[in-house]
2 protein chains.
Amino acid sequence: MFKSLFSQKGLSLERMRGFLEMAEAGSIAGAAPGDVVRQSLISRQIRELEEFFSAELTIRKGKTLALAPEGVRLAAIIREQFQTLEDFRSVQVNVPRVFTLCAGASTLEWMVTPFLTDLARVLGGVQLRTEMRRSRPLVEAVREGSVDLGIVRRDAIPDPSRKNCEPIVELSFHLCVPKQLLPRKTTPDRLSDTAMWQDLPFAAGRDGGQLDGAIRDAMEQLGVSFRPRFECGSMLQVRSLVQQGGCAAILPNVALSGLDPNRVFSIPFRPLAGYGRTLVLHWNPRQMNRRDVSLDTLRDAAQVLAAAVPEAK
Amino acid sequence: MFKSLFSQKGLSLERMRGFLEMAEAGSIAGAAPGDVVRQSLISRQIRELEEFFSAELTIRKGKTLALAPEGVRLAAIIREQFQTLEDFRSVQVNVPRVFTLCAGASTLEWMVTPFLTDLARVLGGVQLRTEMRRSRPLVEAVREGSVDLGIVRRDAIPDPSRKNCEPIVELSFHLCVPKQLLPRKTTPDRLSDTAMWQDLPFAAGRDGGQLDGAIRDAMEQLGVSFRPRFECGSMLQVRSLVQQGGCAAILPNVALSGLDPNRVFSIPFRPLAGYGRTLVLHWNPRQMNRRDVSLDTLRDAAQVLAAAVPEAK
DNA sequence: AGTATTGCTGACTTTGTAGTCATGTTTAAA
DNA sequence: TTTAAACATGACTACAAAGTCAGCAATACT
């Protein structure tokens with residue numbers, strides 16, 4: 001049984017590991033940054049695997065390597081096998097299994113990080129590892145199995161269904177203004193007057209993402225010259241500025257939970273009403289099945305994340 | 001990634017192989033018959049795996065070893081992983097993949113062996129390996145993945161469904177008598193008279209299976225003293241004797257295709273009418289899915305086997 | 001063109017594991 | 001109780017693989 005795997009040399013767990021590391025990193029140098037010794041080792045291990053399988057696993061793509069179609073398949077096989085073995089061992093040693101959760105930068109900040117412990121508990125006491133990725137590579141990573149869970153807009157999933165995702169929240173955006181920046185006795189409804197915005201000191205993100213651009217576009221369409229006084233690398237900093245009373249800002253509903261309504265007015269930001277999308281928890285059904293995570297558990301996890309978002313008023 | 005698999009020594013493909021061989025054979029000595037050297041090697045490999053996983057994979061059961069529950073799980077994992085790697089390699093090297101087909105002794109003789117080439121073609125040019133096993137271990141082997149396809153009575157499958165089996169044929173039994181053993185101008189319908197049977201020289205199987213016993217019981221109930229002149233180790237030999245005109249015999253419908261109706265009369269053998277069972281092709285849905293065998297292909301395979309059986313008249 | 005980065009190759013050393021052997025221990029059966 | 005079978009263990013050898021190093025070739029960036 002399985003003679004053909006052993007009658008020939010060139011197959012070993014270490015070689016598979018070297019190849020997988022290259023596959024994950026996208027290049028040999030990326031797999032072992034600053035370690036030329038290991039780079040040369042991986043290079044040879046890949047060649048030996050290619051000889052063993054008589055397959056071109058990699059192709060040169062300019063200066064770096066890329067996976068050939070066969071390489072993509074083998075990498076998926078190896079990843080799954082290693083993970084299965086690791087899970088088996090984790091159960092035996094009574095150590096929590098490792099799950100990877102992936103989302104966009106701001107989503108991780110707003111929704112995930114503050115609730116990691118709850119999430120880990122719902123998933124059965126697992127160890128969670130978070131990663132930042134944009135929508136498209138995120139969905140791809142879930143598909144190929146290198147990521148267990150993703151938080152992503154539903155429309156980024158090619159075939160959204162009850163089997164591979166669960167809604168978390170409907171995104172919406174709000175204009176948030178600290179009271180102290182407004183004339184005394186200003187009521188929240190007066191904030192709808194765009195004329196008032198002109199003089200407000202704004203803070204905005206500078207992450208180059210879609211959201212930031214959409215806000216600027218919307219402001220321009222309203223005829224408001226939007227020149228934020230602060231451009232922050234992280235939206236967490238923006239919220240912090242708003243909370244301290246120094247700035248106004250456009251914030252997503254998932255960020256409102258940290259603001260004191262007695263000190264900060266917030267009203268829906270109409271121009272971005274159509275920009276709202278459904279965020280879903282996304283997973284690979286085969287992988288979750290293999291790792292013994294039930295659909296119910298996944299829906300519970302989505303619930304935990306949903307509970308983190310205050311209801312829109 | 002997967003650091004825990006490599007930060008500790010004790011895991012290797014060879015060790016997994018040694019363990020799997022023991023698991024398949026049910027004991028170390030069985031895994032390496034007559035090779036005490038390899039036996040001691042396997043013994044140590046198993047211990048090293050047990051240390052690596054901190055798990056009891058085996059338990060002493062009297063003189064031999066048996067798999068502990070954890071060992072059963074790990075063996076299934078390893079078998080699947082090795083098979084996946086072997087399949088991957090087979091596709092690359094353009095060598096047919098190996099599939100294992102399992103059935104009872106007589107079923108293998110009657111239905112499978114003569115049609116192996118057709119079957120291999122329908123399954124996509126695979127290499128077929130046949131194995132003899134009785135119903136219960138067969139179903140178990142399909143479940144754990146050590147066998148791809150089984151031919152078995154439907155009632156031996158715990159949860160028969162469209163997803164894990166497909167009917168092949170309804171078994172029935174026939175009394176077959178060469179013309180030359182009968183008085184001239186005897187018509188087939190006269191064969192219903194059990195008095196005629198008394199003087200016929202019968203051939204019968206001697207495989208100790210259910211079928212043989214059932215025939216003898218039925219004869220006894222009919223008041224016929226059934227003392228076959230020939231007791232053959234294989235039912236193929238029985239059919240051969242009938243074909244040559246030397247003997248009468250009770251044969252299953254799946255054996256009739258080899259008989260010349262002009263030289264041999266055959267009529268349904270009523271006493272065993274209730275003994276007929278549905279034979280099905282049985283498989284493990286997860287395994288067939290992993291090995292890229294579609295349900296359609298499996299149904300085609302069942303068709304091929306069904307076509308081997310002549311219609312009952 | 002010059003330079004830095006990336007990957008490939010050949011010649012090593014070191015390490016882990018497979019493989020071998022002799023011998024001990026447990027267990028089942030004669 | 002004796003015997004034989006099945007498995008375990010310790011001490012080795014042989015070998016394949018991992019790991020190391022120096023140098024080369026191809027590519028991209030400036």
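Here the structure is a predicted model, which means the values were calculated and not measured. Convention: sequence-line order gives letters A, B, ...; per-chain numbering from 1.
- One finds the CG atom of B:Leu123 at 9.0 Å from the CG atom of B:Asp148 (value rounded to the nearest 0.5 Å).
- Comment: A:Arg136 does not engage A:Glu140 in a salt bridge, judged by the lack of any side-chain N to carboxylate O separation of less than 4.0 angstrom.
- Each side chain to side chain donor-acceptor pair (under 3.5 Å) pair with one or both residues in residues 92-101 of chain B, not counting sequence neighbours, appears once here: A:Glu70-B:Gln92.
- Residue A:Gln45 places no side-chain N or O under 4.0 Å from the OP1 or OP2 atom of D:dA17.
- The environment of A:Glu51 atom CD is dense: over 12 non-hydrogen atoms of other residues, nucleotides or ligands sit within 6.0 angstrom.
- Rounded to an integer number of Å, the gap from A:Phe52 CZ to D:dA17 P is 10 Å.
- A heavy-atom distance below 4.0 Å to DNA chain C is reached by none of the residues of residues 6-21 of chain A.
- Listed by chain and residue number, A:Arg133, A:Arg134 satisfy the side-chain contact (heavy atoms from CB on, under 4.5 Å) test with A:Pro137 (two or more places apart in sequence, or in another chain).
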Could you run down the sub-3.5 Å N/O contacts of the protein with nucleotides 7-12 of chain D?
from, atom 1, to, atom 2, distance (Å)
D:dC7, OP1, B:Ile28, N, 3.3
D:dC7, OP1, B:Leu65, N, 3.0
D:dC7, OP2, B:Ile28, N, 3.3
D:dC7, OP2, B:Ala29, N, 2.5
D:dA8, OP2, B:Ser43, OG, 2.7
D:dT9, OP2, B:Arg47, NE, 3.3
D:dA11, N6, B:Arg44, NH1, 3.1

Side-chain donor-acceptor pairs of residues 5-22 of chain B under 3.5 Å, sequence neighbours excluded:
from, atom 1, to, atom 2, distance (Å)
B:Ser7, OG, B:Lys3, O, 3.4
B:Ser12, OG, B:Arg15, N, 3.2
B:Ser12, OG, B:Arg15, NE, 3.1
B:Arg15, NE, B:Gly10, O, 3.1
B:Arg15, NH1, B:Glu48, OE1, 2.6
B:Glu21, OE1, B:Arg38, NH2, 2.9

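- For the pair B:Leu101 and B:Ile151, the minimum side-chain heavy-atom distance is below 4.5 Å.
- A:Glu131 CD: more than 12 foreign heavy atoms inside a 6.0 Å radius.
- Note: B:Leu67 CG to B:Ile46 CD1 = 8.5 Å, rounded to the nearest 0.5 Å.
- With rounding to the nearest 0.5 Å, the separation of CG in B:Asp87 from CG in B:Asp292 is 8.5 Å.
- Across the helix from C:dA1-D:dT30 to C:dA30-D:dT1, the helix axis at one end is tilted relative to the axis at the other end by 30° (nearest 10 degrees, each axis from five pairs).
- The CD1-P distance, from B:Ile59 to C:dT27, rounds to 13 Å in whole Å.
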